[in-house]
Amino acid sequence: MAAVSSLAFPPPVGRPARLVVLVSGSGTNLQALIDAVADPAYGAEIVAVGADRDGVAGLDRAERAGLPTFVHRIKDFPGRADWDAALTASVRAYQPDLVVTAGFMKILGSGFLGAYGGRIVNTHPALLPSFPGAHGVTDALAYGVKVTGCTVHLVDSGVDTGPIIAQGVVEVTDADHADGGEALHERIKIVERTLLVEVVGRLAREGHRIEDRKVWIPA
Ligand code: GAR
């Protein structure tokens, strides 16, 4: 498991924190952030939204909110490192304080992590360290867990291995086994959106420090 830098993230002083949000799909977590930043007391603004594919609802949500967008598809680059470099450059152009991966279904490369390590917040639909990866909901269901949930964590070079900031719990019902986890994922996403908004706001206003994998946000 790779370590995230233990450098503190100090919140910006006298201005809202600048967020770049990366999405791959429906963007309901992005929408929750768009709604939250409308309140100046939230302490953050979204300065751009990026995606790894065209035509996703998350980009439509960004455009409806008047936010700049960019798309980098891996298949348009000769290699993964080139894609990562383009993504890093696009994000850097918006000078974010924090990057939020909200349903972004690609692993970030070493260039991106070098630029933004300790300042990338991801949300995952399972209680990490259980069930990392792209199928957190269905993997938990198949295992037979009775509770699952979501984890908001900092991104490191592993797959969903970075320091945990906050978690929310959702009960699994017998009926969840009948529909392949769709309803369960929707219940997780309700908890997840609230948790992500709360965590990003606290980080934007208070910053964080990391000690031995523990993420501390000043009270
Ligand atoms: C969220 O549940 C998020 O945790 C998950 O994708 C969903 C995106 O929903 N991410 C992963 O599974 C990453 N491993 P949204 O597009 O509606 O925000």
Side-chain angles (χ1 to χ4, degrees), residues 1-2 19-37 44 46 48-65 67 69-71 73-74 84 87 98-109 112-113 116 120-143 145 147-172 176 179-201 203:
M1 210 181 287
L19 311 178
V20 168
V21 183
L22 301 179
V23 299
S24 297
S26 63
T28 65
N29 281 284
L30 165 66
Q31 187 65 55
L33 289 168
I34 289 172
D35 296 345
V37 301
I46 301 173
V49 173
D52 64 323
R53 58 193 78 174
D54 291 313
V56 293
L59 288 171
D60 296 339
R61 291 177 190 278
E63 279 155 20
R64 276 202 298 276
L67 298 170
T69 61
F70 56 88
V71 176
R73 305 183 306 174
I74 288 182
D84 191 68
L87 188 69
L98 293 169
V99 177
V100 183
T101 52
F104 187 64
M105 304 303 281
K106 293 287 183 298
I107 306 297
L108 297 167
F112 197 101
L113 294 173
Y116 294 106
I120 310 166
V121 180
N122 182 50
T123 180
H124 180 73
L127 294 173
L128 296 171
S130 295
F131 313 114
H135 309 289
V137 177
T138 49
D139 288 350
L141 201 55
Y143 194 89
V145 299
V147 292
T148 183
C150 52
T151 302
V152 178
H153 66 98
L154 294 170
V155 173
D156 68 6
S157 59
V159 177
D160 300 324
T161 53
I164 290 170
I165 309 171
Q167 294 184 298
V169 174
V170 174
E171 281 192 27
V172 179
D176 288 326
D179 74 351
E182 260 182 58
L184 176 61
H185 196 176
E186 287 309 313
R187 296 206 305 286
I188 290 170
K189 283 172 69 167
I190 291 169
V191 176
E192 188 175 27
R193 290 189 282 265
T194 302
L195 194 70
L196 182 67
V197 164
E198 183 195 321
V199 165
V200 169
L203 292 177

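Here the structure is a predicted model, which means the values were calculated and not measured. Counting convention: from 1, in listed order, for ligands and their atoms alike.
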Quick note on ligand 1: atoms under 4.0 Å from a heavy atom of His124 include exactly 4 (O), 14 (N)
Can you tell me which residue and heavy atom of the protein come closest to atom 9 (O) of ligand 1, and the distance to 0.1 Å?
-> Lys189 NZ, 3.3 Å
Polar proximity ligand 1 side, Leu30 side, N/O cut 3.5 Å exclusive = no
What is the nearest protein non-hydrogen atom to atom 12 (O) of ligand 1, stated with its residue, atom name and distance?
-> Pro125 CD, 3.3 Å
Search all heavy atoms of Ala166 against all heavy atoms of Val199 and return the closest pair with its distance.
-> CB-CG2, 3.6 Å
What do you reckon, does Thr123 put a non-hydrogen atom under 4.0 Å from ligand 1?
-> yes
Taking heavy atoms and a distance under 4.0 Å, where does Met105 meet ligand 1: side chain, backbone, both or neither?
-> side chain
Tell me, yes or no, whether the heavy-atom count around Glu63 atom CD, taken from other residues, nucleotides or ligands under 6.0 Å, exceeds 12.
-> yes
Please step through side-chain contact (heavy atoms from CB on, under 4.5 Å) for the pair Ile74 and Asp52, ending with a clear verdict.
-> CA-CA 7 Å; Ile74 288 182; Asp52 64 323; 5.8 Å; no
Side-chain contact, heavy-atom cut-off 4.5 Å: Gln31 with Asp35?
-> yes
Val49 vs Ile34 side-chain heavy atoms within contact, under 4.5 Å | no
Looking only at heavy atoms of His185, does any of them come nearer than 4.0 Å to an atom of ligand 1?
-> yes
The atoms of ligand 1 lying under 4.0 Å from a heavy atom of Ser26, numbered in the order shown, are 15 (P), 16 (O), 17 (O)
heavy-atom search around atom 14 (N) of ligand 1 in the protein gives Gly133 O, 3.3 Å
Taking the non-hydrogen atoms of Ala57, is any one of them nearer than 4.0 angstrom to ligand 1?
-> no
For the residue pair Arg73 and Arg53, what are the closest heavy atoms and their distance?
-> CG-CA, 4.1 Å
Between Ile164 and His153 the two heavy atoms that sit nearest each other are CA-CB, 3.9 Å
Taking all non-hydrogen atoms of both residues into account, name the closest pair between Leu128 and Gln167 and its distance.
-> O-NE2, 3.0 Å
Closest approach of any protein heavy atom to atom 4 (O) of ligand 1, naming residue and atom | Glu192 OE2, 2.3 Å
Spacing of Leu22 atom CG and Leu108 atom CG [to the nearest 0.5 Å] | 7.0 Å
Got an N/O contact under 3.5 Å between Asp160 and ligand 1?
-> no
shortest atom 6 (O) of ligand 1-to-protein heavy-atom contact is with Gly103 CA, 3.7 Å
Close approach, Gly27 and ligand 1, non-hydrogen under 4.0 angstrom = yes
